[in-house]
Amino acid sequence: MSTTDTITETQKIRGDALAKDVRQAVAARAAVLTAAGLKPKMAVILASEDPASLSYSQAKQRTAAQLGIELDIHDLGSDTTQERLEETCRALSRDVTVHGILLELPLAPHLHGDRALDLIAPAKDIDGMTAYSMGLIATGREDEALTSATAQACIMLAETRGSVAGKQVAVIGRGRTVGRPLASMLVNRHATVTVCHSRTRDLAAVAAECELVFVAIGRAHQIGRAHVRAGQILIDAGINYLNGKLVGDLDAAAVEGLAAALTPVPGGVGPLTSALIFQNLIHAAERQQADLTTR
């Protein structure tokens with residue numbers, strides 16, 4: 001197809017149904033752990049100026065209760081010190097009753113996220129953001145790591161349209177949260193991956209060569225019709241607010257009738273990511289239980 005060709009309708013790849021399946025499996029596994037005397041517990045750390053972060057965490061807390069999981073919110077406030085943030089990460093890493101730790105990003109501007117993240121015990125790193133976890137993924141040892149829930153969600157949704165193996169794929173964005181782990185995970189699944197970013201020359205031409213495009217740049221509606229060719233599958237990991245509405249990094253309305261399929265925002269990557277965080281927690285708890293029984 002040429003870049004001027006259109007298709008009849010752009011299909012929507014929703015994450016709701018997959019998220020429901022994941023939550024059901026999580027609840028069943030949580031019940032097994034609880035019956036064995038280990039109540040799965042997640043700790044969420046907040047140190048942000050963004051009031052939405054607390055709302056997101058409280059929503060996770062409600063979901064956790066429905067799944068048979070305990071979730072504690074440690075809200076340090078936007079004026080907390082780096083020292084207090086780091087000590088909280090250390091203390092929760094040592095706490096044997098906590099099985100997973102989630103540091104909500106972004107942090108307040110004066111705080112250093114990388115330093116805090118790398119104090120989280122890798123066995124409790126349920127969003128796969130420590131250097132240890134990312135190193136395992138990058139070296140092809142993904143089965144030993146806890147991996148980014150967002151990256152997992154992106155791949156699961158893409159693979160509803162077929163395996164990524166052998167496909168030409170673009171990842172637009174190279175951030176620690178999504179782009180970097182996603183690129184490595186795609187390589188591990190035998191995709192041919194091009195990573196694009198703010199210094200990529202002629203982004204539209206580079207992305208046009210790819211069948212599948214993942215967008216994770218954190219800017220509302222930055223990818224539009226000029227960046228997309230007919231027939232592509234677009235996975236949008238963006239979460240932004242624009243004029244009071246939740247929108248993605250992709251301008252979905254602009255590419256309607258051009259892209260073959262895309263993930264909507266809201267309703268695409270987000271719901272599945274939220275469910276997979278709890279799946280990662282259960283996986284971490286099961287590993288910790290197994291370690292205890294072999295000592």
Side-chain angles (χ1 to χ4, degrees), residues 1-23 147-173 177-179 181-183 185-196 200 203-240 242 245-276:
M1 292 183 184
S2 73
T3 55
T4 57
D5 288 338
T6 58
I7 60 177
T8 304
E9 180 184 3
T10 297
Q11 296 180 348
K12 306 305 183 291
I13 309 173
R14 299 194 61 86
D16 314 73
L18 284 174
K20 181 179 179 181
D21 291 343
V22 170
R23 286 193 298 269
T147 60
S148 161
T150 306
Q152 287 183 59
C154 288
I155 292 171
M156 286 177 67
L157 291 168
E159 290 196 326
T160 64
R161 296 302 189 270
S163 172
V164 299
K167 287 184 177 175
Q168 294 275 0
V169 174
V171 176
I172 304 178
T177 308
V178 185
L182 176 58
M185 290 165 69
L186 288 164
V187 169
N188 292 343
R189 287 159 179 77
H190 311 295
T192 299
V193 182
T194 299
V195 179
C196 305
T200 299
L203 174 60
V206 174
E209 297 298 317
C210 298
E211 305 163 67
L212 181 58
V213 179
F214 296 87
V215 188
I217 53 178
R219 296 192 194 94
H221 288 177
Q222 288 297 296
I223 301 300
R225 200 172 185 88
H227 302 93
V228 175
R229 67 164 170 81
Q232 286 180 314
I233 296 171
L234 310 174
I235 308 296
D236 185 357
I239 299 177
N240 313 280
L242 183 66
K245 292 178 62 178
L246 185 64
V247 300
D249 295 345
L250 175 70
D251 187 346
V255 302
E256 181 66 36
L258 184 65
L262 60 82
T263 55
V265 178
V269 173
L272 186 53
T273 296
S274 297
L276 288 168

Flag side-chain contact, heavy atom, 4.5 Å: D236 against L262 = no
query = Distance from L258 atom CG to R225 atom CZ, nearest 0.5 Å?
reply = 4.5 Å
key: Side-chain heavy atoms of L18 within contact of T160, under 4.5 Å   = yes
query = At their closest point, which heavy atom of V247 faces which heavy atom of V265, and how far apart are they?
reply = C-CG1, 3.5 Å
message = Nearest 0.5 angstrom please: Q222 CD to D251 CG, how far?
response = 10.0 Å
key: 4.5 Å side-chain heavy-atom contact, I13 and I233   = yes
message = Among residues at least two apart in sequence or on other chains, which ones pass side-chain contact (heavy atoms from CB on, under 4.5 Å) with T192?
response = Q168
ask   = Roughly how far apart are T150 OG1 and F214 CZ, rounded to 0.5 Å?
value = 12.5 Å
note = Rounding to 0.5 Å, atoms CD1 (I217) and CD1 (I223) come to a distance of 4.5 Å
ask   = Could you give the distance from CG (N240) to CG (D249), rounded to the nearest 0.5 Å?
value = 5.0 Å
side-chain contact (heavy atoms from CB on, under 4.5 Å) between V215 and L234, intermediate numbers included = CA-CA 7 Å; V215 188; L234 310 174; 5.6 Å; no
note = With sequence neighbours left out, the residues meeting side chain to side chain donor-acceptor pair (under 3.5 Å) with R219 are none
message = What's the separation between atom OG in S148 and atom CE in M185, rounded to the nearest 0.5 Å?
response = 6.5 Å
inquiry  = So for atom NZ, which belongs to K12, do other residues, nucleotides or ligands contribute more than 12 heavy atoms lying within a distance under 6.0 Å?
reply    = yes
query = Would you say the side chain of V164 lies within less than 4.5 Å of the side chain of E159, judging by non-hydrogen atoms?
reply = yes
Side-chain touch T194/E209, heavy atoms, less than 4.5 angstrom = no
key: Closest approach of T200 to V195 (non-hydrogen atoms, all atoms of both residues)   = OG1-O, 4.4 Å
Stepwise side-chain contact (heavy atoms from CB on, under 4.5 Å) test for L250 and V213 = CA-CA 11 Å; L250 175 70; V213 179; over 6 Å; no
key: Heavy-atom pair of closest approach, residues T273 and A153   = OG1-CB, 3.4 Å
request  = Keeping the roles fixed (side chain from R229, backbone from A205), state whether a donor-acceptor pair exists under 3.5 Å.
outcome  = no
note = Closest heavy-atom pair, A149 versus L276, reported as atoms and distance to 0.1 Å, is O-CD1, 3.7 Å
ask   = For I239, does the CD1 atom sit with more than 12 other heavy atoms under 6.0 Å from it, leaving out its own atoms?
value = no
key: Closest contact, heavy atoms only, K167 versus R161   = NZ-O, 3.8 Å
ask   = Side-chain contact, heavy-atom cut-off 4.5 Å: V255 with T10?
value = no
ask   = Which heavy atom of C196 sits nearest a heavy atom of L203, and at what distance?
value = CB-CD1, 3.5 Å
